[in-house]
There are 2 protein chains.
Amino acid sequence: MEKDTTYFGVKEIARRANVSIATVDRVIHNRTGVSEKTKKKINEIIKELDYQPNILASRLASKNIIILAVLIPRVSVETDFWDAPLYGIQRAEKEIKPYGIQIRTFFFDLNDENSFETQANLILEKGVNGVLLSPSFIAQSIRFTEECRRLKIPFVFIDSNIPEQHSLAYIGPHLFKSGYLGAKLLTYRKEKESKILVVNISKEIENYNYLQIEEGFRSYLQENQLSFEVIRADIKDTDYLSVARNLTQVFSENENIEAIFVTNSRVFSVATFLENKHRKNISLVGYDFLKENIQHLNTGTIDFLICHKPEEQAYRAIMVLYQTLVRGQQVEKTQYMPIDIITKENQEFYQILPV
Amino acid sequence: MEKDTTYFGVKEIARRANVSIATVDRVIHNRTGVSEKTKKKINEIIKELDYQPNILASRLASKNIIILAVLIPRVSVETDFWDAPLYGIQRAEKEIKPYGIQIRTFFFDLNDENSFETQANLILEKGVNGVLLSPSFIAQSIRFTEECRRLKIPFVFIDSNIPEQHSLAYIGPHLFKSGYLGAKLLTYRKEKESKILVVNISKEIENYNYLQIEEGFRSYLQENQLSFEVIRADIKDTDYLSVARNLTQVFSENENIEAIFVTNSRVFSVATFLENKHRKNISLVGYDFLKENIQHLNTGTIDFLICHKPEEQAYRAIMVLYQTLVRGQQVEKTQYMPIDIITKENQEFYQILPV
DNA sequence: ATCGAATTCGGGTACGTACCCGCAATATAC
DNA sequence: GTATATTGCGGGTACGTACCCGAATTCGAT
């Protein structure tokens, strides 16, 4: 097992340029104190040798440690969706910890805009090198990221995007296409004309996402000239009783509903309703790999779940920050996640990687 | 940004044990030359401090480089399936190259058992530290891995498994469940009774995989009491003309075929046939994210593709070897991949990560 | 008790890079 | 001209671990 002799380091560069290692180092980190002439010469040699710094040695020698902040919703009793990104963050942290990178996680309450603001301010006080956030509250997120930009702190969005904010990257779903796929799954091989119900269960906050999904959903029907009548139900209170009350009304007003699309992870509420009311033969499609959703998938009440790899989103987001801050690499600005289709038959293999 | 002060290294262990760093090092790598008494003492301190070696420093100081061999089919004109694992391997290699790990890739010809043997022997001659292989030829793979076991070279299977060979790990699909899902997709919301055609296009080699898939496929139909009549077509020659000839015959002998399941990636041949013969309204489900398959997905001839993340399989397999050889970690022995469902609507987001 | 071998251990250097310190040479000021 | 900045650069140490070399200690045999 011979040693890799094709590798040239700073030492070789210094030798070829007739300078010391320190000078080469100055050029590499473009610090001051090198004449234009030698700088140019060294840069040429670097290019010629296609010098790749040894990150191991680099991070070992460097004492400046990097701190990343994570700003995501706290896992609530209502949904354990944000568990998955947490796992992704832990997996990433474990991987890059030896590189001197630390992660501080800040949680906000999805029912409380102020908690977002408070936590965001905490991050700014701390002074971190990079931020990963879920921009659940648009206005507050804009304010926060604007401040980040001013302070030259790179930030990455996951789960949903604010395109105008010049984030370092967005890692999450293409919501329009996701809704588009939802319509496909809901209507695939459906021949009889019937009504389709689109249900949005959320406080108004998340409406932005919802709109893109519904737009995609309707586009599919339109493009494929499917003439199902689409009715909508907007349910502002997320508890089961509210959902049941609303749905009861919708069903009393509309006969012939044979398919339901829920625009977010609260599809389990609708499933519970259908099961309680013994309504069979209604197709149901919704979002996210939650324990409760999987249960209804297994009982057959939910036909398909759509999922965007939340664990992977967070993992990649951390790695994007790492690559930018430590390696100085360019990263893909928009990384759409796969739009995964989960059924009763493949759900058992859709698990997150162990930390 | 304070330095991480919670970390204790060998130096601290040596200090607490009143020995030198070298002695601690001897204990850590359980080399000889340490008395039982000091060994015990040092081990206690290690446990107490929950010492985690700094891999960066470790790999930097260590001069012994690790060589991994990869033994997979060459990308052929018939299918570019094995492109994806190659990408995964490249991605893994880039990541762990600075740790002193090198990868040598050996290709064999899927139409030539001998080429497998030749390449396998080459690997054994070279003397490598770990092997990743696709056991396309059962007998030859058994012989090869038996030799690996004798030489104490760990090996990992991807794509398909030989459970009795005590591999370090298997990373690939659960074929039975994959076929099971295939049946679901093919029959979902199909109400009319009709015939289902199961097509297997391959030289006999890959039959083992095929059998598990078909078993799963039939199980689904049986468990769900679906009384579609299943007919089979075994096509030994993989060129289009043979496929067309065979299918023509099957169709002439059977009317009322409304759904076709192809047990591997050659579903594009069947799709081409259907398009040439202008046979619409036949559902078609098959395997793998190949360019040609995607085309037929987009034209609507193929309804669903099932895919097992070949890029990820290879990536993970390399990482499993890395974790075992470098970090000495235990790894999951069987890692089933997700069984992904690809449709026209979500295919554009099912791409492999850039290297 | 003496000697040699075996056992047990510490000093020290290397891995490739970061970065501090300080010296020399040159430029600028008076 | 001398004094003082400024610029350009090299020496050297440190990061945490691996591992070589040789020294100290122990032990058994005579």
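All values reported here derive from a predicted model rather than from experimental measurement. So that the names make sense, note that chain A is the first sequence line, chain B the second, and so on, each numbered from 1.
- The distance between atom CG of A/Asn64 and atom P of C/dC20, rounded to the nearest whole Å, is 11 Å.
- Note: OH (A/Tyr99) to P (D/dG16) measures 16 Å, nearest angstrom.
- A side-chain donor-acceptor contact under 3.5 Å links A/Asn54 to the backbone of A/Ala57.
- Atom CZ in B/Arg15 sits roughly 16 Å away from atom C1' in D/dG16 (whole-Å rounding).
- B/Ser115 and B/Thr118 are not linked by any side-chain donor-acceptor pair at a separation below 3.5 angstrom, with hydrogens and angles left out of the test.
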| Per-nucleotide protein contact string for nucleotides 4-13 of chain C, where B marks a base within reach and S marks sugar-phosphate only (heavy atoms under 4.0 Å, - for neither) | ----BBBB--

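- Scored by the side-chain contact (heavy atoms from CB on, under 4.5 Å) test, A/Glu147 finds A/Leu124, A/Arg150, A/Leu151 as partners (sequence neighbours excluded).
- What separates CD1 of A/Ile55 from P of C/dC15 is a distance of 19 Å, to the nearest Å.
- A/Asn54 comes within 4.0 angstrom of the backbone, heavy atoms only, and of no base.
- Taking the charged nitrogens against the carboxylate oxygens, A/Arg316 and A/Glu312 do have a contact shorter than 4.0 Å, which makes a salt bridge.
- Between B/Tyr51 and the phosphate of D/dT17, there is a side-chain N or O to OP1/OP2 separation shorter than 4.0 Å.
- Classified by interplanar angle (parallel below 30°, tilted 30° to 60°, perpendicular above 60°), the ring pair B/Phe116/B/Phe108 is perpendicular.
- Counting only distance, with no hydrogens or angles, the side chain of A/Gln313 and the backbone of A/Asp159 share a donor-acceptor pair below 3.5 Å.
- In the set C/dA18, D/dG16, C/dT17, the nucleotide with an atom closest to the side chain of A/Tyr7 is C/dT17.
- What separates CD1 of B/Ile65 from P of D/dA18 is a distance of 17 Å, to the nearest Å.
- The backbone N or O of B/Glu164 sits less than 3.5 Å from a side-chain atom of B/His166, completing a donor-acceptor pair.
- Distance A/Arg31 CZ to C/dT17 C1': 10 Å, rounded to the nearest Å.
- If you check D/dC19, C/dG16, C/dC15 against the side chain of B/Ala61, the one that comes closest is C/dC15.
- Taking the six-membered ring where the residue is Trp, the centroids of A/Phe8 and A/Tyr51 are separated by 6.0 Å or more.
- For the helix from C/dA1-D/dT30 to C/dC30-D/dG1, the terminal axes (five pairs an end, C1' atoms, rotation from four pairs onto the next four) enclose an angle of 50°, given to 10 degrees.
- The CZ-P distance, from A/Phe8 to C/dT17, rounds to 13 Å in whole Å.
- Among A/Thr105, A/Leu68, A/Val70, A/Leu168, the single residue meeting the side chain to side chain contact (heavy atoms under 4.5 Å, CB included) criterion with A/Leu132 is A/Val70.
- At the phosphate of C/dC19, neither OP1 nor OP2 sits under 4.0 Å from any side-chain N or O atom of A/His29.
- The CG-P distance, from A/Leu60 to D/dA18, rounds to 12 Å in whole Å.
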